[in-house]
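FYI, side chains are in, hydrogens and waters are out, and symmetry mates aren't considered; it's all heavy atoms of this structure. In what follows, chains are A, B, ... by sequence order, proteins preceding strands, each numbered from 1.
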Amino acid sequence: MPDATRSPAARGDAAEPAAVAELPDPPAPADVHARVVDWFAEHARDLPWRRPECTPWGVLVSEVMLQQTPVARVLPRWEEWLRRWPTPADAAAAPAAEILTVWDRLGYPRRALRLQAAAEAIVDRHGGEVPDTREELRALPGIGEYTAAAVACFAFSRPEVVVDTNIRRVHARVFSGAALPGQTYTAAQRRLAVELMPATEPDGGRTACAWNAATMELGALICTARSPQCAICPVAELCSWRAAGFPPPTEEQKTRGQAWAGTDRQVRGALMAVLRRGEPVEPEALLDGLDLPEASADQRRRCLDSLLADGLAQRTAAGVTLPQ
DNA sequence: AACGCGGGGGT
DNA sequence: ACCCCAGCGTT
């Protein structure tokens, strides 16, 4: 079983033949489609936003929450969100403070405000119904290329080209023979994803939609970034990365570790954690109360100002609070 | 194309 | 300690 960061070739095993220099031919897409879609039918996780009774709004909420946040942490927040606000109109009418409190520690709380703004736009422009085309979805706040395609596909069965980090990694390995796709989503990767889409005839795009979901799931469960489970992968025999001898990621492909300690993100997160307690706080008490010895007074002030500017915090007579 | 933006669990 | 996670908006 290969390790993406320490492939057999990189370990320099004496018994291991040197990795072949040139890439083998990539597999026929149709062969990969069949195996991955069949695997998905058998092994897909039973996630609530995949159930037939889940509304398009539920799918949209799940996709926004899942932007950079793992499934396990999203699940309880998604349940709570849909229980409180089962329709876009419900979320649009909620106080922003409540939106941010239910969002809790999912991270990137600006997503929560954008999701509420999307709900408002759905009420204003679409009569309260989640729009069913990629273009209309793309125009909503916080809905980018990925999320627009994902909602159109998973909620409305439209055969859009869905490309997320999992899918980019599976494509890179199976078809390009690379260990990792690299940090930025390139035009070449987009073209590859388009070429790999199953034909929408004769099944009206059912296979195309299944391919999107199945490839994403394969990347999440089997073809993972760190320790891929090639031993149980349905396309191991077709995989270009495997055929090439599991070449390790190049420097270009390695993900640059994003700093955390000492960043504004950490300070903003600490401030938000205090505000989520729900009690108004005097600015001085808020800034002085942070348990971040390394954070300067300047940084604390700057971060509070940025939260106010982002609409994630508000000044009131009683002190700083979540936006009312 | 590169950067800022949270937070926690797996290795 | 480090790395990764169903990205988006701005520059």
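Contact of the Val274(A) side chain with the Val320(A) side chain is not registered, since no non-hydrogen atoms from C-beta on lie closer than 4.5 Å. For the pair Trp81(A)/Trp57(A), a side-chain contact is recorded, criterion being any heavy-atom separation below 4.5 Å from C-beta on. Considering only heavy atoms from C-beta on, Leu271(A) comes within 4.5 Å of Leu304(A) through its side chain. Counting heavy atoms from C-beta outward, Val151(A) and Pro56(A) have side chains that stay 4.5 Å or more apart. Counting heavy atoms from C-beta outward, Arg300(A) and Leu290(A) have side chains that approach closer than 4.5 Å. Residues Trp85(A) and Ile99(A) have side chains in contact (heavy-atom distance under 4.5 Å, counting atoms from C-beta outward). Counting only heavy atoms from C-beta outward, the side chains of Leu113(A) and Asp310(A) never approach each other to under 4.5 Å. Counting heavy atoms from C-beta outward, Thr186(A) and Arg191(A) have side chains that stay 4.5 Å or more apart.
Residues from residues 284-297 of chain A lying near DNA chain C, meaning a heavy-atom separation below 4.0 Å, are absent. Of the residues in residues 45-55 of chain A, those placing a heavy atom less than 4.0 Å from an atom of DNA chain C are Arg45(A), Leu47(A), Trp49(A), Arg50(A), in numerical order. Using a 4.0 Å cutoff on non-hydrogen atoms, the parts of residues 131-152 of chain A near DNA chain C are Arg138(A), Pro141(A), Gly142(A), Ile143(A), Gly144(A), Glu145(A), Tyr146(A), Thr147(A), ordered by number. Residues from residues 185-193 of chain A that place a heavy atom under 4.0 Å from any atom of DNA chain B: there are none. Listed by residue number, the members of residues 84-99 of chain A with any heavy atom below 4.0 angstrom from DNA chain B form an empty set. Residues from residues 153-168 of chain A placing a heavy atom under 4.0 Å of any atom in DNA chain C, listed by number, are Asp164(A), Thr165(A), Asn166(A).
Closest contact between the side chain of Gln67(A) and the listed nucleotides dG8(B), dA6(C), dC8(C) involves dC8(C).
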Write down the protein N/O and nucleotide N/O pairs, taken from nucleotides 2-5 of chain B, whose separation is under 3.5 Å; answer none if there are no such pairs.
residue	atom	partner	partner atom	Å
dC5(B)	O4'	Arg110(A)	NH2	3.2

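Formation of a donor-acceptor pair under 3.5 Å by the Arg158(A) side chain with backbone atoms of Asp132(A) is found in this model. For Ser62(A) (side chain) and Trp49(A) (main-chain N/O), no donor-acceptor pair under 3.5 Å exists by modelled atom type. At least one donor-acceptor pair under 3.5 Å links the side chain of Arg138(A) to the backbone N or O of Ile143(A). Checking side-chain atoms of Arg168(A) against main-chain N and O of Gly182(A) turns up a donor-acceptor pair under 3.5 Å.
Rounding to whole angstrom units, NZ of residue Lys254(A) and P of dC4(C) are separated by 10 Å. Rounded to an integer number of Å, the gap from Leu75(A) CG to dA6(C) P is 13 Å. The interatomic distance linking Leu271(A) (CG) with dG7(B) (C1') rounds to 15 Å, in whole Å. Atom CE of Met272(A) and atom P of dG8(B) are 13 Å apart (whole Å). Atom CG in Leu275(A) sits about 15 Å away from atom C1' in dG6(B), given to the nearest Å. For the pair Met216(A) CE and dG7(C) C1', the interatomic distance rounds to 12 Å; values are reported in whole Å. For the pair Leu218(A) CG and dA6(C) P, the computed distance is 12 Å after rounding to whole Å. The distance from atom CG of Leu307(A) to atom C1' of dG6(B) is 11 Å, rounded to the nearest whole Å.
For the OP1/OP2 pair of dG8(B) and a distance below 4.0 Å, the side-chain nitrogens and oxygens of Arg105(A) include at least one atom meeting the criterion.
Taking atom C1' on both nucleotides, dC4(C) is separated from dC5(B) by 16 Å, rounded to a whole Å. Rounded to whole Å, the P atom of dT11(B) lies 14 Å from the corresponding atom of dA6(C). Across the C1' atoms, dC8(C) and dG9(B) are found 24 Å apart, a figure rounded to whole Å.
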Dot-bracket, DNA chain B: Watson-Crick or G-U, under 3.5 angstrom, [ ] crossing, | other strand? |||||.|||||
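Within 3.5 Å, no donor on the side chain of Arg226(A) pairs with an acceptor on the base of dC4(C), nor the reverse.
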Take Asn212(A) and Phe154(A) through the side chain to side chain contact (heavy atoms under 4.5 Å, CB included) test and state the conclusion after the steps. CA-CA 9 Å; Asn212(A) 285 329; Phe154(A) 303 146; 4.2 Å; yes
Is there a side chain to side chain contact (heavy atoms under 4.5 Å, CB included) between Cys239(A) and Phe175(A) once you walk through the steps? CA-CA 7 Å; Cys239(A) 181; Phe175(A) 294 98; over 6 Å; no
For Arg206(A) and Thr200(A), what are the C-alpha separation, side-chain angles and deciding distance, and is it a side chain to side chain donor-acceptor pair (under 3.5 Å)? CA-CA 7 Å; Arg206(A) 266 187 51 249; Thr200(A) 55; over 6 Å; no
Are Thr133(A) and Glu136(A) close enough, and set up right, to give a side chain to side chain donor-acceptor pair (under 3.5 Å), and what steps lead you there? CA-CA 5 Å; Thr133(A) 67; Glu136(A) 290 171 305; 2.8 Å; yes
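Aromatic ring pairs are classed by plane angle as parallel below 30°, tilted from 30° to 60° and perpendicular above 60°; the pair Trp211(A) and His171(A) is parallel.
At a threshold of 4.0 angstrom between heavy atoms, the contacts of Arg276(A) are confined to the sugar-phosphate backbone, with no base atom among them.
A single hydrophobic cluster is seen to contain both Val174(A) and Tyr185(A), as judged by linkage of ILVMFWY side chains at heavy-atom distances under 4.5 Å, directly or through other members. Under the 4.5 Å side-chain contact rule for hydrophobic residues, Trp103(A) and Leu60(A) share a cluster.
Residues in residues 141-150 of chain A take part in these side chain to side chain donor-acceptor pair (under 3.5 Å) pairs, two or more places apart or across chains: Glu63(A)-Tyr146(A), Gln67(A)-Thr147(A), Glu145(A)-Arg190(A). Counting only residues at least two apart or on different chains, the salt bridge (Lys or Arg N to Asp or Glu O under 4.0 Å) pairs with a member in residues 231-249 of chain A are Arg35(A)-Glu237(A).
With sequence neighbours excluded, the residues that form a side-chain hydrogen bond (donor to acceptor under 3.5 Å, both in side chains) with Glu217(A) are Arg45(A), Arg50(A). Under the side-chain contact (heavy atoms from CB on, under 4.5 Å) criterion, Ser296(A) pairs with Asp298(A), Gln299(A), not counting sequence neighbours.
In this structure, Gly311(A) and Pro323(A) approach most closely via the heavy-atom pair O-CG, 3.2 Å.
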